[in-house]
Each structure stands twice: as C-alpha cells, then as structure tokens.
Amino acid sequence: MTDKETKFDKSYLEMASVWAKNSYCVRRQVGAIIVKDRMIISDGYNGTPSGFENVCEDENGNTKAYVLHAEANAITKVAKSGNSSDGSTLYVTAAPCLECSKLIIQAGIKRVVYRDEYRIMDGVELLKRAGIEVVKY
C-alpha cells in the first residue's frame, strides 16, 4: 500500500468518525462511508429505522433489537439511490458484525477499512473468507 493510499484511508476513516456523531445511540456511535473511485457514494450511522423515534436503547440501557448498524444503513442507502457499490471500499469506525458482513459481501464491496474491534470478530473472519481485503487502522 502506498503512502497516498494510506493517507486517503485515514482521511475517509476520519470522515466516518465525524459521521458517527449523527447517531442518537448512547452506548456506541458508529459511522460508515462507502467510497468508489475516490468518490463517496453513501454514508450511514447506527440508529433506528426511518419513522421510528431516535432512541436506540431501552430503559435498561440495552440496544433495541431493531437498531440498524452503520454499515447496513450505508448499504441500503446506496441501493435506494440506484448507485452500485460493486468494487467499492467501506470505511467504518467499528469492525463489522456477522450480519453486516453478509450484506457487505452481497453488496459487492471489495475492501473494508475499520478502526475499532467489535466484541465478536466473526464478521471480519467471514469477510476474509470471502476474499474481501480487510484493513484495521
């Protein structure tokens, strides 16, 4: 990887970090950016589905079951726009979970760059098994 590629990776990851601040989640705010040909084609952060209240945790502080992960929001957003994520790179502030990794594979994303490890790393293992390049900064 060249110095220029590393610089872009870190810049896009920083943008995902800024985007994470839009999340209403208290426990953890996660942001994601999808980039293709050095152009941002989608973005997302963890939160509730459209039309739901912007409250991610229940009265006990547990994440509600219907909260969407940042990666899922970015992937569904790009699908809705009519753009293609095939061959793109996903920048996300936390390692993808298993469910999001399935979506990443199906969306044709070829590279995932993340910052923080997730409590369960089976999603990253699935991505590697699918031949997707995974980079942690």
Side-chain angles (χ1 to χ4, degrees):
M1 195 175 316
T2 67
D3 287 342
K4 189 173 186 178
E5 288 172 322
T6 301
K7 179 183 175 190
F8 275 103
D9 279 350
K10 290 182 178 178
S11 292
Y12 285 126
L13 199 52
E14 190 174 326
M15 292 171 90
S17 296
V18 170
W19 203 244
K21 294 176 184 175
N22 289 315
S23 173
Y24 288 90
C25 296
V26 175
R27 290 181 60 205
R28 174 180 263 191
Q29 294 180 317
V30 179
I33 303 282
I34 299 176
V35 176
K36 186 174 181 177
D37 301 324
R38 293 230 172 103
M39 183 172 64
I40 296 171
I41 61 170
S42 191
D43 52 57
Y45 52 86
N46 57 326
T48 56
S50 298
F52 281 68
E53 74 289 348
N54 289 319
V55 179
C56 298
E57 293 84 9
D58 63 19
E59 59 280 347
N60 298 319
N62 298 315
T63 301
K64 293 179 180 177
Y66 55 84
V67 168
L68 291 161
H69 287 187
E71 306 93 302
N73 264 329
I75 290 168
T76 55
K77 187 175 178 181
V78 76
K80 194 174 180 182
S81 75
N83 286 325
S84 172
S85 55
D86 196 39
S88 64
T89 299
L90 172 74
Y91 295 89
V92 62
T93 58
C97 70
L98 187 61
E99 292 303 312
C100 287
S101 292
K102 292 181 213 176
L103 293 174
I104 291 165
I105 293 165
Q106 291 301 96
I109 294 168
K110 296 300 179 202
R111 191 164 177 266
V112 175
V113 179
Y114 72 95
R115 184 187 65 200
D116 302 327
E117 293 195 344
Y118 190 63
R119 58 185 164 81
I120 302 169
M121 294 298 288
D122 53 356
V124 169
E125 294 307 314
L126 182 66
L127 292 173
K128 290 177 181 176
R129 186 172 162 202
I132 294 172
E133 180 185 354
V134 180
V135 179
K136 180 186 186 292
Y137 280 108

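Please read all numbers here as calculations on a predicted model, not as lab measurements.
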Q | Distance, nearest 0.5 Å, that separates CD of Glu71 from OG of Ser42 | A | 12.0 Å

Q | Exam field: side chain Thr93 to backbone Arg115, donor-acceptor pair closer than 3.5 Å | A | no

Q.
Once rounded to the nearest 0.5 Å, what's the spacing between atom CZ of Arg129 and atom OG of Ser101?
A. 12.5 Å

**Q.** Heavy-atom donor-acceptor pair, Ser85 side chain to Ser88 backbone, under 3.5 Å
**A.** no

Q. So which pairs with a foot in residues 34-122 pass disulfide bond (SG atoms under 2.5 Å apart), sequence neighbours left out?
A. Cys25-Cys56

(Q) For Glu57, is the CD atom crowded, meaning more than 12 foreign heavy atoms sit under 6.0 Å from it? (A) yes

**Q.** Rounded distance (nearest 0.5 Å) linking atom NZ of Lys77 with atom OG of Ser50
**A.** 10.0 Å

Q | Stepwise salt bridge (Lys or Arg N to Asp or Glu O under 4.0 Å) test for Lys64 and Glu53 | A | CA-CA 11 Å; Lys64 293 179 180 177; Glu53 74 289 348; 3.0 Å; yes

Q. Nearest 0.5 Å, what's the CD1-OG1 distance between Ile33 and Thr89?
A. 12.5 Å

**Q.** Residues which pass ring-ring contact (aromatic ring centres under 6.0 Å, His included) with Tyr12, listed by chain and number, not counting sequence neighbours
**A.** Tyr91

Q) Between OG1 of Thr63 and CZ of Arg27, what distance do you get to the nearest 0.5 Å? A) 4.0 Å

Q: To the nearest 0.5 angstrom, please state how far the CD1 atom of Ile105 sits from the NZ atom of Lys110.
A: 9.5 Å

Q) Would you find a donor on one side and an acceptor on the other, under 3.5 Å apart, between the side chain of Lys136 and the backbone of Glu117? A) no

Q. If you group Ile, Leu, Val, Met, Phe, Trp and Tyr by side-chain heavy-atom gaps below 4.5 Å, do Leu68 and Leu103 land in one group?
A. no

Q) Taking only residues two or more places apart in sequence or in another chain, which ones pass ring-ring contact (aromatic ring centres under 6.0 Å, His included) with Phe52? A) Tyr66

